[in-house]
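Right, one structure below, let's go through it.
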Number of protein chains: 2
Amino acid sequence: MSLREDRKQQSHQALLDATLALSSQGRAFSTISLREVAHAVGLVPTAFYRHFQDMEQLGLELLDQVAIHLKGVLNQLGQAYLYQPNTRTKTGIELFFQAVEYHPEPWIFFVAERWGGSAVLRAGIEREIRFLTEDVMHELEKMQAAQHIQSSQDLQALAQMLIDLSLNWAMGWIHLQHQADPELRRTQSNVFKTQSVLQMQLLLRGILHWHRIPTKTADPSISTATSTPLI
Amino acid sequence: MSLREDRKQQSHQALLDATLALSSQGRAFSTISLREVAHAVGLVPTAFYRHFQDMEQLGLELLDQVAIHLKGVLNQLGQAYLYQPNTRTKTGIELFFQAVEYHPEPWIFFVAERWGGSAVLRAGIEREIRFLTEDVMHELEKMQAAQHIQSSQDLQALAQMLIDLSLNWAMGWIHLQHQADPELRRTQSNVFKTQSVLQMQLLLRGILHWHRIPTKTADPSISTATSTPLI
DNA sequence: TGTACATCAGTGAACGCGCGTTCACTGATGTAC
DNA sequence: TGTACATCAGTGAACGCGCGTTCACTGATGTAC
């Protein structure tokens, strides 16, 4: 790569990083201005246009990078379980929280903009969640404990639930790390970790005892699903 | 109430309603301007100050109203189950989606601003979620199917999970109602409904087969929780 | 009931500010010979 | 290797616009007598 290309690439990535930093400080993406991002990187506002058409395009490119990170973390967790299926739930949750704490920014951006002010970004994130759900589904298919769940619809519902829960756990954990008092932070973090483990285990019990009452038809518009009493 | 007070109250509520309407059209609260809200209501910008100090104060008052609505919907669902414990899961989910579809705005505001651009609003929403979780906990305590879950920590983890899942279901459902093609909307809505029922049932299996391995101590910072293998 | 004064929701002009975007430019880097 | 020209990331002035906020105001409604 030439000197010129190299320097351009640096500015380009710096603009993306500055935006992610602002986002993870609690700013809504749709309130972050082009001028602000350029200034943070030491560029004049008009230089922004050498890299992106507008903030929306920057947002989409940032989403790409963020999604790759999330996918990496989730895949790594999945791999760990495939190779050591007897790992404790608590250890798994701790690994997850460790990854989230080390790189909280992508999680914050992803969750905050999932229902944020930019329609294009929302659509992009929904798309990425579909991909992540597929990933998790395929990992579940390989796992021993979930082998008896055969319906792909059941597996998808489970995968979707795991993704949603992961996002909630991640945000809860990040939020707790902002507690100033270190003693209080320690206590609350432990309570939260325990609760997350309990939630995961509740789900595991459900999987373990899963046996689906077969539906009459494959047409989802007619399907009545199962019908056990709700609590 | 005097004529003057009455008219003031109308403008006051109109400002709140206009803001909620903008929010539920996908706008981030932190991008909604005082001038815009005043204009939507047919007031001059400066008249806004007769009602609220700034947009943040309006946001907090709006959150109060929104939280009352959500609490009402969840309580009504809980009551329905207390009086008819054998209702099908599917019927319960359908009642929930019906309530959400009839009044989607509060759900959109609540979920979008949960991780939105206003720190004060985020704190307020976190507070309301704690209250909602307590509510659900107390309803669970009264229910037959969850009687064998005794630890209040387990109950809280379950309640928290139910709240989080409800918010996800609500947003997923609202999102689907924006699908323009009526045939596609019907199909996708049915798939989504089926998946939500499956998720609820998976959780119910977990509850049904719940028996907690006792922890050694009550101190959550030392507690090791349970430790069954994670999938 | 009628009058004189007080209250106060809503008005309209004005302000300084940060915004996105345009345009002609500069000067370091790249390329052709 | 040296020179002459092309490319293009970054500059700086300028623009019109919507923003929050101030201020003195208006006139319908409320209150005291």
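Naming convention: chains lettered A, B, ... in sequence-line order (proteins, then strands); numbering from 1 in each chain. Values below: all heavy atoms of this structure, side chains included; hydrogens, waters and symmetry mates excluded.
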Choosing from [options], which nucleotide comes nearest the side chain of [X]?
X       : options                : result
A:Arg35 : C:dG20, C:dT22, C:dA9  : C:dG20
A:Glu36 : D:dC8, C:dC19, C:dC8   : C:dC19
B:Lys8  : C:dT21, C:dG30, C:dA9  : C:dA9
B:Pro45 : C:dT21, C:dA28, D:dT21 : D:dT21
B:Arg4  : D:dT7, C:dA9, D:dG20   : C:dA9
B:Thr46 : D:dG10, D:dT22, C:dC8  : D:dT22
B:Tyr49 : D:dT22, D:dG10, C:dT21 : D:dT22
B:Ala47 : D:dT21, C:dG10, D:dA9  : C:dG10

Across all strands shown, which nucleotide pairs with [N] by Watson-Crick or G-U wobble geometry, both distances under 3.5 Å?
N      : result
D:dT29 : C:dA6
C:dA24 : D:dT11
C:dG16 : D:dC19

Practice problem: Kindly indicate whether the side chain of A:Met200, heavy atoms from C-beta on, has any atom under 4.5 Å from the side chain of A:Trp169. | Solution: yes
Give the rounded distance in Å between these two atoms: [atom1] of [X] and [atom2] of [N].
X       : N      : atom1 : atom2 : value
A:Gln57 : C:dG20 : CD    : C1'   : 15 Å
B:Leu3  : D:dG27 : CG    : C1'   : 14 Å
B:Glu5  : C:dG10 : CD    : P     : 13 Å
A:Asp6  : D:dA9  : CG    : C1'   : 13 Å
B:Ile32 : D:dC19 : CD1   : P     : 12 Å
A:Arg50 : D:dT7  : CZ    : P     : 13 Å
A:Leu43 : D:dG12 : CG    : P     : 12 Å
A:Arg7  : C:dT29 : CZ    : C1'   : 8 Å

Self-check item: A:Glu126 and B:His175: side chain donor to acceptor below 3.5 Å
Solution: no
Are [X] and [N] close enough that a side-chain N or O sits under 4.0 Å from OP1 or OP2?
X       : N      : result
B:Ser33 : D:dG18 : no
B:His39 : D:dG18 : no
A:Ser11 : D:dG10 : yes

Self-check item: Upstream residue (5' side of DNA chain D) when B:Gln53 and B:Ser2 are each assigned their closest nucleotide
Solution: B:Gln53
Quiz item: Is B:Asp135 salt-bridged to B:Arg130, going by a charged N under 4.0 Å from an acidic O?
Solution: no
Quiz item: Does the ring center of B:Trp107 lie less than 6.0 Å from the ring center of B:Phe96?
Solution: yes
Self-check item: Within 6.0 angstrom of A:Arg127 CZ, more than 12 heavy atoms from elsewhere
Solution: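 Check fails, neighbour count at 12 or below.
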Self-check item: Residues B:Glu5, B:Ser2; criterion side-chain hydrogen bond (donor to acceptor under 3.5 Å, both in side chains); working and verdict
Solution: CA-CA 5 Å; B:Glu5 282 174 281; B:Ser2 74; 3.1 Å; yes
